[in-house]
Amino acid sequence: MPDGLGQVSRALRAAPPDQLAEAADRALRRALGAARTEVFIADYRFSGLWPVLDPAAPDGALPDGHGVARRCFSSQQPVLDTGEDGRCRAYLPLSVWGERLGVLMVELPEAPAAATVEDARDVAGELAVALRAAERETDRYRRARRRERLSMAAEMQWDLLPGRSVTHGEFLLAGQLEPAYTVGGDHFDWSVDGDRLTVTVLNGAGSGLAAALLTAVTVNAMRNARRSGGSLVEQAELASDTIFYQHRGRRHVATLLLELDTRRGVVRAVDAGSPHVLRLRGGTVTPIRLEQQLPLGMFAETRYDMQEFTVEPGDRLFVVSDGVYAAEPDGQGPYGEKAMARAMRSTRLQPATEAVGTVMRELHAYHADADLRDDAVVVCLDWRGSSPPEDAGGR
């Protein structure tokens with residue numbers, strides 16, 4: 001449906017930012033003869049998919065095909081569900097550069113041809129891009145994502161995030177914050193720039209709004225240095241000086257800065273505190289031992305050294321904050337001593353986007369599903385290895 005696809009694209013571009021679901025519905029009814037459509041958005045914890053048209057719906061109000069929608073969301077592949085009456089519900093992933101936003105359901109009068117499924121998937125891709133852009137202009141989709149009220153600190157932290165996952169030819173990257181609705185100072189940030197991937201994980205000191213404000217200053221200082229062409233060392237030093245001259249050593253931020261050369265598999269690191277990096281290679285989890293330096297902001301004019309380590313194709317790196325590694329529920333040892341490695345090993349067959357959720361779920365289970373006592377960050381990076389360069393001559 002080349003012309004129909006163009007009509008859908010034009011309809012999305014012309015729609016007000018808060019009316020994308022309705023615009024897509026009208027366009028898909030015309031282009032594909034769809035009986036109806038539904039846009040589902042993933043919540044902050046990735047615990048469910050919630051309809052944009054009725055985000056307040058309880059679990060029992062979700063459609064019968066919600067389990068199929070979850071399968072589509074997890075696999076990031078179209079899933080067809082044909083009923084006894086011959087009608088077919090096509091579930092299509094809504095994702096942008098690897099970030100999973102939700103699922104588009106299109107109900108058709110009969111099972112579609114493969115070409116129609118691909119066209120519908122292209123529509124879902126267009127809709128996902130539009131939804132991502134529209135979040136700056138409307139609160140509608142953020143409201144659909146939340147199952148309870150966010151604290152002020154959590155509101156700031158989620159708005160500060162770069163996203164929750166990103167896919168690249170050489171890597172797949174994902175991260176998750178907990179407790180999702182009350183997170184304070186822990187955070188992650190990343191940026192892709194050519195052959196360089198920069199990842200930072202922060203253990204923000206304190207709790208609540210004060211911790212979130214400290215983290216916001218730290219992240220923006222590092223971004224300022226990075227966007228000005230600064231190295232990892234310069235990013236750490238600018239952030240450290242900024243925090244010190246704000247708080248005179250009374251506040252500081254433990255931070256791990258990583259920069260992956262996505263072509264060569266070389267990782268540069270500045271370890272300024274407590275976040276840990278672990279490597280899953282095959283079935284073995286190994287801590288990457290780095291020389292720990294002073295947290296950012298402890299002293300004036302602190303200078304940092306950069307270290308290097310290498311990764312091999314197929315390696316998975318986990319970066320975790322102290323709220324994960326050092327979590328110590330009543331009567332148990334720290335999560336990081338044994339349970340965390342078991343959880344990480346269990347993710348071997350999962351993509352990074354699912355692996356972060358597995359580690360977090362195991363952390364909650366370790367706490368006997370009680371509220372976490374500390375903020376927790378898990379970032380998972382899969383390095384696939386360098387793609388062969390394209391032959392400019394076409395040979």
Side-chain angles (χ1 to χ4, degrees), residues 1-2 4-29 31-32 34 36-46 48-53 55 65-66 68-80 89-108 112 116-146 158-159 161-169 172-176 190 192 351-354 356-357:
M1 61 160 196
L5 181 59
Q7 291 177 12
V8 175
S9 298
R10 288 191 292 274
L12 292 174
R13 288 195 299 269
D18 63 328
Q19 295 295 305
L20 293 174
E22 289 80 3
D25 179 76
R26 290 190 297 269
L28 284 165
R29 287 173 186 268
L32 290 180
R36 70 183 186 92
T37 68
E38 186 66 84
V39 175
F40 298 101
I41 299 291
D43 62 39
Y44 286 103
R45 284 199 176 110
F46 285 145
L49 294 163
W50 307 92
V52 167
L53 295 179
H66 190 238
V68 185
R70 286 289 303 181
R71 191 160 80 243
C72 168
F73 184 76
S74 297
S75 69
Q76 289 294 286
Q77 296 296 323
V79 178
L80 303 182
R89 289 175 174 174
Y91 294 86
L92 308 152
L94 293 170
S95 57
V96 185
W97 301 303
E99 181 177 4
R100 302 178 302 167
L101 304 181
V103 168
L104 170 66
M105 188 280 291
V106 182
E107 186 175 299
L108 301 167
T116 302
V117 174
E118 284 305 305
D119 287 338
R121 187 171 187 174
D122 288 341
V123 170
E126 295 261 358
L127 177 57
V129 172
L131 288 168
R132 180 76 179 271
E135 283 201 341
R136 289 183 173 272
E137 313 299 335
T138 177
D139 292 333
R140 185 182 187 190
Y141 312 113
R142 285 187 172 91
R143 282 198 298 270
R145 288 173 62 185
R146 60 189 69 194
W158 284 105
D159 276 355
L161 285 179
R164 290 192 280 181
S165 55
V166 63
T167 299
H168 189 277
L172 175 60
L173 179 64
Q176 179 66 6
W190 58 57
V192 183
T353 47
E354 292 290 309
V356 290

### Query
For Leu94 and Ala124, which heavy atoms make the closest approach, and how far apart are they?
CD2-O, 3.3 Å

#### Entry: Rounded distance [0.5 Å steps], CZ in Arg142 versus CG in Asp159
4.5 Å

Show the atom names and distances, to 0.1 Å, of all donor-acceptor pairs under 3.5 Å that link a side chain in residues 19-29 to residues at least two apart or in another chain.
| from | atom 1 | to | atom 2 | distance (Å) |
| --- | --- | --- | --- | --- |
| Glu22 | OE1 | Arg140 | NH1 | 3.0 |
| Glu22 | OE2 | Arg140 | NH1 | 3.3 |
| Glu22 | OE2 | Arg140 | NH2 | 2.9 |
| Asp25 | OD1 | Arg29 | NE | 3.3 |
| Asp25 | OD1 | Thr37 | N | 3.2 |
| Asp25 | OD1 | Thr37 | OG1 | 2.7 |
| Asp25 | OD2 | Arg29 | NE | 2.8 |
| Arg29 | NH1 | Ala35 | O | 2.5 |
| Arg29 | NH2 | Ala35 | O | 3.1 |

### Set of ring pair (Phe, Tyr, Trp, His ring centres under 6.0 Å) partners for Tyr141, sequence neighbours left out
none

### Task
State, to 0.1 Å, how close Pro162 and Arg132 come at their nearest heavy-atom pair, and which atoms those are.
O-NH2, 3.1 Å

### Message
Tell me whether Arg100 contacts the main-chain N or O of Thr353 through its side chain, where contact means a donor paired with an acceptor under 3.5 Å.
### Response
yes

### Ring center gap for Phe46 and Phe73 short of 6.0 angstrom
yes

### Task
Determine the minimum heavy-atom distance between Leu32 and Ala120, stating which atoms define it.
CD1-CB, 4.2 Å

### Task
Ignoring hydrogens and angles, tell me if any N or O in the side chain of Thr138 forms a donor-acceptor pair with the backbone of Ala134 under 3.5 Å.
no

#### Entry: Distance in Å, Leu127 CG paired with Asp122 CG, rounded so as to fall on 0.5 Å steps
12.5 Å

#### Entry: Interatomic spacing from CH2 in Trp97 to OG1 in Thr167 - rounded to 0.5 Å
12.0 Å

### Message
Do Arg164 and Trp158 have side chains that approach each other closer than 4.5 Å (heavy atoms only, starting at C-beta)?
### Response
yes

### Smallest separation among heavy atoms of Gly102 and Leu49, with atom names
CA-CD2, 4.1 Å

#### Entry: Lys/Arg-Asp/Glu bridge criterion (N-O < 4.0 Å) met for Arg143, Asp18
no

### Side-chain heavy-atom pair Val8, Glu126 within 4.5 angstrom cut-off
no

### Task
Would you check if Glu107 and Glu38 make a side-chain contact, meaning some heavy-atom pair closer than 4.5 Å?
no

#### Entry: Heavy-atom closest contact (Pro351 atom, Leu172 atom, distance)
CB-CD2, 4.0 Å

### Query
Which pair of heavy atoms, one from Ala174 and one from Val356, lies closest together, and at what distance?
O-CG1, 3.6 Å

